[in-house]
Every structure is written in structure tokens, then in C-alpha cells.
Amino acid sequence: MTSLPSIVLGLEEPPEELTVTRVPPGRTLTDGVLRAGAARVDITPGFLTPTAGWSLSGHRMRAMWGRLHARVLVLDDGHGERVALIAADLHSGSRYLAERLAERTAPLGLHIGRLFLAGTHTHGGPGNFYGSPFYDSFAQPKPGLDAQGVAYLVERLERGVREACERLRPARVGHGVSRLWGYSRNRSMKAARDNVPGEDAAFRREAEALGFPGGTPSAVPSGLSLEQVSVDPRVQVLWAEEAQPPHRPIGAFGTFGVHSAMLALNHALGSADLFGVATHHAEHLMRSAEPGTEPGTEPIIGLAAGTVGDSDPTLPGLSVDELKRQRHGRTRNLELAEKVGQELGQRLFEACGAARARAETSVRLSVHFDEPTIRDATLSDGTRLPFEAQVGGPTLGGSELGGGVPLLFREGMRNTLGDTDPQWPKEPPLLLESILSDLFKYQPPALPLRLLKVGSVWLMGLPGEPTSWLGHRLGREMRQLGAREVMVAGVCGDYVGYLTTGAEYECQHYEGSSTIWGRNTERWLVEHSRALAGSASGRVPSNEARFPVRWGKHEELSIPRPLMKDALPFWPRRPRFDEPRLFRGRLLLRGSWFAWAPQEDRELGRGPWVQLEDAATGEVLHSRGLPVDDQHQRFLLEFTDDEDHIDWRWSVMLEDWRHLVGRRVRFRPLGPRGVRVQPPPGAQWPERQLVADPPED
């Protein structure tokens, strides 16, 4: 864990100012044909990368559960408008990352205003990519911007955008909605309750409208608690398929309002969390529904964070205390994430089906982008925004699911003196006020706002974590201006913490305390969102972007040396391939091997680490139509190290395995990051015979 002295060091010196000069955009197609293309790229970072989202109490990755991906959907309306919708397995988008990406994609016609870089908000992704002195210091356990990590992410994201552009083809586009009830809950009910004065019955009626904005609530399941009703249950997608029959799928970009943080803080896992499970499952369902789909041409379904600010994952019938307890057991924790993710993936698949029924070719795009300054801004009635960003004590207390120091800082801490300060009633944490003041002194004052109009479906991109009610109110504003449906992508294009309503802010729970630009943030967003909706489409951002940066030192895992002078490999522990077992009908395979040199560079996205093959033929095994390796299955890979070597352990669960019965199987490690472990002369990787009735685990 990073200590406060390590953050304080160097704060006396102002950060370095970086300037990114914006590249003029290239020309796009103007033949009047709507086109779409999609791509998926691996963005898995290196082991021991600091994970973002749990603040200083976070971990460095000592295990990976699944891979991290970015899924890209590019839309081009043939009338000069093009946009890239990117759902990346990151804690958020960031303005710095987006600007660096735009340098590479501008020749494709995709300038900074046409990039919707949205995170899934996983807390198991890499940190140190924000380009903000505060979040590069406090959002993960290692402080400072990581130049090498940003370069790696930019290279991978650029590849995904280019591939999607290369695959552009005539398309139909549609919007679909499904609803997932009971698997999310409002974690800040007192603050949410303050949005609607009156009795609980009136509040419940208003809460149910979150899932049916602009319409009449219907089919709300009975038995849901007020916490489960007080969130937006909608899974929404923008869907693209080929224009000509049989209308083969291209891809989708979806949103859902829940924290992708089912995995507990105490597990040092890198993972896409429940959103990764959901997209993996939805893509499997789509492949199964499209017989004859060629490998590599299956639809790519991205899912980005929506109104996640006050919405946490849960399971029906599970109390908060019981959920917290079960998350502490890692095996049980992974099972919980699988359950919620599978349900979400089912609804994501259903939303895609609903969108297919409404897909059309006569759709025009309208892309709007602005980056107004919020620091010391003035609202239309003369109200001033704060000159300096700030967090309150409850921020350091942490949210319900983990992080923070709750014994020192608690929700509801507030300044009771009452005055006209735009940060009132926020109570700064006195123990750290000087440190935070220095970091916030250099907080970038521009908030990039995005709006994509796909016909009458409008997608808003907000640079933070909007609460359920804030997203609802912004959606209402957009419907008054002509939208039929409104999607909100949170943590899109930048990260400025939480975004709450005025009533939620005044309550000073964790979310309001973490709304860094004060009590009038909602009003500022409403005014500028309305102005954005009425602005001219296609305006090209000019000039340059500037970033105050403090660089960090991000060491790689040390390379252990063999005990003997001889360079020949030896096995202090022989590789292990456990007996195959069943777990709730799925085949569980697991094993281990050792290595000296675990990694060379940030290249985890270059290929699989582990794959399973037929011992006789060398053929890579398949399950559910995909190779049995860590890139296509839900793999867990982890390591332990000592002075002499590193032990790597892996496991995988296969749902489709009966066709493998009778085959003799071996595993082969192909990584990670430069590992090329070969058996000593005369030895081989262990093998196992797959039998029809493995024992239960």
C-alpha cells in the first residue's frame, strides 16, 4: 500500500505541463450510405500493475481472472459524420488517454470530439492514466502518471479503432432496451430519498419511473426493496447489423448503471469483473443464435458504465452484510460475479434482440462535443461555481463495498455553519487538507461533454460517475429537446469523480462528498448539456489540450536468477496437472508450473499465456466453439514468487466439455510476457485423461 509520505514527496514542485496539439481530422465518406464496423482488442496490462478504483487501499495485480478488452463500434452515416464508441475494461476513460488516442485516429476522421472512450468502471483494471495530479495519486496504490502504461493502452486502442474502420460496411442501426431487476441496489438511500420530498409511497412511484422514463411504469417485479427499485434497471444498446439480408450482426454498444465491482478489495485480481462476464456471455448467446458464424466474424458487444454513481451489484435475497461476507472468500466471490454477470449478459442479449427489430438504414448521426470550464464558472442566474475542486471527509471513509478509513471518516460529515460557499456543506478532511489542496490546485478545470444523436436516440457522455437520479434528470432535459430515448455513458472521456444532484450533494454521503466541483454541479451540467444539444453538429475541436502531470515510477516485477550457474532449466517443483473435476456441471481443470523470467515488457495482450491441447496431436482444444486458452475462456492465472523462481497457477471451468471425453490432454504455458519455459531434456508437460464422470469438486 502506498504511504502518504510517498505521495507528499515532490508536491512542493509544480507538476510538469504537457501540451497535446490536436491533429486536423481526415475526410470521411459522403456517399449517403450508413456503415458500421466493430473490433475487439486485448488491453490486459502486466502483472503487478496497480489496480484503479480502490484508491490508496488498492492492490497491484498478482492474478488475472479473464482478460481485459476494449470493444469498439464505429458508425459512419455517409454524410460526413463518424463516431467511435469504445467500451474499455478500465476504471474510466481519461481526457489524457483520449487525447493521445485522438492523435492517432484523427487521420481516420475521428478527432477528440468523435471518440466516446467510456470505461466499464472495473476496479480490477490498471490505474495511473488520468493526467490529473489528484487521481493519478489517490485512485490506485502507486502514485503518478505511468507513461509506459498509457503508451501501451493507446497502441491497443488505436488498433481496435483502425480495425473497426477497416471493417465498415453498409449497415442498419437500432436501439433496444431490456431490464434487469433485483441485481443492483441504491447504496445511498438517504441521499436518494432527499430527491423526492414526501412520503415513501410517493418516493417509490418516482423511483419506479427510473426504469420507464417518459412512459408509464409497468411490470415492476413485486417484492423488490426500495433500494432495488431506486436504481435504473435498463440495459440499453445501440445495435448495428449488415444492411442486406440475412442482416448478419456487426456489433453493439450498451450501457448499464451498476458498479462493476463485485470482486472484493482484498483479492489482488486484475479482471473485467461482472461486465467482462456479461459481455462474454452475451457474445456466446449471439454466436449460438447465429448458426454458421465464421470464427472471427462473431458480433462484438461492448458494455459501458451508465448511471453507476450510487448503484452497487447484489443478488436477489442477499443482504448487504451477507454479500460483504461472501465476497471475502475468493472462490465464492468469483461465483457471485459469474451469477450477476450471466444475468446481465442475458439481458444484454435480449436488448440486442429488441434493437434488431427496430433497426433501419435511414439514420443520420449528429455528433456534439464541448469542453466548458467549470472552475469559477457562472450560471445563468449569476451563481458561481468553486474556484478549487475539493473532496470531503466521507470520501476518505470509502463506499459500502470497500476502501477508505471509515473509523476516521464517516458518511454525513458536513459543515453545519451554513454560508454561501459553493462547496458548502462539504467538510474537508483536516488531516489531509494541505495535501489535497496542493493536488486540487492543478485539477484540470475543463469537463469534456459529449452528445451523439442517432436519429431520435441520444447518447450522453459524462466525465464521471453520475447517480441514478442525476442521469434521470439529464435524460428528462434531453427528451424535452427532442430525444425519444436517452442513454448515459458515465466515466466517458475523463474522470472527475462523482456527479450528484443538488439534494444528494447536500446530504454529503460518499457520492456527494466526492462531487469535487460543489453543490451546483447538477445545475452546471443541465445548462451545458442543453447548450450542447442545441449546438452545431460536427464542430471540429481546435487548438490544443494541456495537462498538469506528475510522473510516477512503476517498476516491473524483478527477474529472479537461477540458483545454478548452468543455464539449463531445472524444476525445483515439477509442473502439476490436477485431476479433472466437476463443479456444478462444469469441468474444472487446473495446474501449475514454475519460471524464472516472468515478463519482459508490457505485452500481455500479444497472445495467450496458457492453452490446452490434445497430447497426441497437439491440436488446441475447443469449448463452446472457442479455443481453450485464457483469451477465449474464463481463465484464472496467478503467481507466487520467492528468491529462486516464480510459481504460476492456472484454472479454467468449461461448460461445454462432453465432446472432449476420452482424449488425453496436456497444458502448455505460452507466457506471460516473454515466459518461454521449456521442459528439461527427457521431461514433458504433464497430461491427464478426460473421463466421462469426473469426481465432484
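Because the structure is a prediction, the values reported are computed rather than measured.
- The 12-atom threshold is exceeded at CD of Glu17, counting heavy atoms of other residues, nucleotides or ligands nearer than 6.0 Å.
- Look at Asp370 and Arg450 and you find no salt bridge, because none of the NZ, NE, NH1 or NH2 atoms lies under 4.0 Å from a carboxylate O.
- Between Phe47 and Phe639, a ring centre-to-centre spacing shorter than 6.0 Å is recorded.
- At a threshold of 4.5 Å between non-hydrogen side-chain atoms, the residues Thr279 and Leu348 count as touching.
- The salt bridge (charged side-chain N to carboxylate O under 4.0 Å, His left out) analysis of residues 223-233, with sequence neighbours excluded, yields the pairs Asp232-Arg234.
- In this structure, Gln228 and Ser184 have side chains that are not in contact, with every pair of non-hydrogen atoms separated by 4.5 Å or more.
- Counting only N and O atoms by type, the side chains of His59 and Thr51 include no donor and acceptor under 3.5 Å apart.
- Side-chain contact check for Glu511 and Thr500: no donor-acceptor pair (N or O, by modelled atom type) lies under 3.5 Å.
- Classification of the Tyr130-Tyr135 ring pair by plane angle, with boundaries at 30° and 60°, yields tilted.
- In this structure, Pro386 and Arg375 have side chains that are not in contact, with every pair of non-hydrogen atoms separated by 4.5 Å or more.
- Residues Val496 and Asp494 have side chains in contact (heavy-atom distance under 4.5 Å, counting atoms from C-beta outward).
- Glu506 has its side chain within reach of Arg414: a pair of non-hydrogen atoms, C-beta onward, lies under 4.5 Å apart.
- With no hydrogens or angles considered, a side-chain donor-acceptor pair links Thr501 and Glu504 at under 3.5 Å.
- Proximity of the aromatic rings of Tyr498 and Tyr510 is defined here by a centroid distance below 6.0 angstrom, and this criterion is met.
- Geometrically, Arg634 engages Trp65 in a cation-pi contact defined by less than 6.0 Å to the ring centre and at most 45° from the axis.
- Side chains of Asp381 and Thr383: a donor on one and an acceptor on the other come within 3.5 Å.
- The side chain to side chain donor-acceptor pair (under 3.5 Å) test applied to Ser92 returns no partner, not counting sequence neighbours.
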- request: Would you sort out whether Arg187 and Asp310 count as a salt bridge (charged side-chain N to carboxylate O under 4.0 Å, His left out), showing the intermediate values?
  value: CA-CA 6 Å; Arg187 71 184 185 192; Asp310 53 4; over 6 Å; no

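- A donor atom on one side chain and an acceptor atom on the other are found under 3.5 Å apart for Ser132 and Gln443.
- Legend: residues meeting side-chain contact (heavy atoms from CB on, under 4.5 Å) with Arg519, ordered by chain and number and at least two apart, are Trp424, Tyr505.
- Residues Asn333 and His328 bring no donor and acceptor atom of their side chains to less than 3.5 Å of each other.
- With contacts defined as side-chain heavy-atom distances shorter than 4.5 Å, the pair Leu315/Val340 qualifies.
- Looking at heavy atoms from C-beta onward, Leu90 lies in side-chain contact with Pro126 at the 4.5 angstrom threshold.
- At a cut-off of 3.5 Å, with distance as the only test, a side-chain donor of Tyr495 or Glu465 sits close to an acceptor on the other residue.
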- prompt: Going through the distances and angles, do Arg67 and Asp89 end up as a salt bridge (charged side-chain N to carboxylate O under 4.0 Å, His left out)?
  reply: CA-CA 9 Å; Arg67 307 285 288 218; Asp89 289 326; over 6 Å; no

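- There is a side-chain donor-acceptor pair under 3.5 Å between Ser513 and Thr395.
- Side-chain N/O atoms of Glu527 and Ser380 include a donor and acceptor closer than 3.5 Å.
- Asp136 and Asn128 share no side-chain donor-acceptor pair at under 3.5 Å.
- When Glu411, His259, Arg185 are each tested for a side chain to side chain contact (heavy atoms under 4.5 Å, CB included) with Glu400, only one passes: Arg185.
- Checked by atom type, the side-chain pair Glu16/Trp551 shows a donor-acceptor distance below 3.5 Å.
- A salt bridge is defined here as a Lys NZ or Arg NE, NH1 or NH2 lying under 4.0 Å from an Asp or Glu carboxylate O, and Arg347 with Glu343 meets this definition.
- Ring orientation note: the planes of His123 and His121 are nearly perpendicular, at an angle over 60° on the 30°/60° scale.
- The closest side-chain heavy-atom distance from Arg62 to Leu48 is below 4.5 Å.
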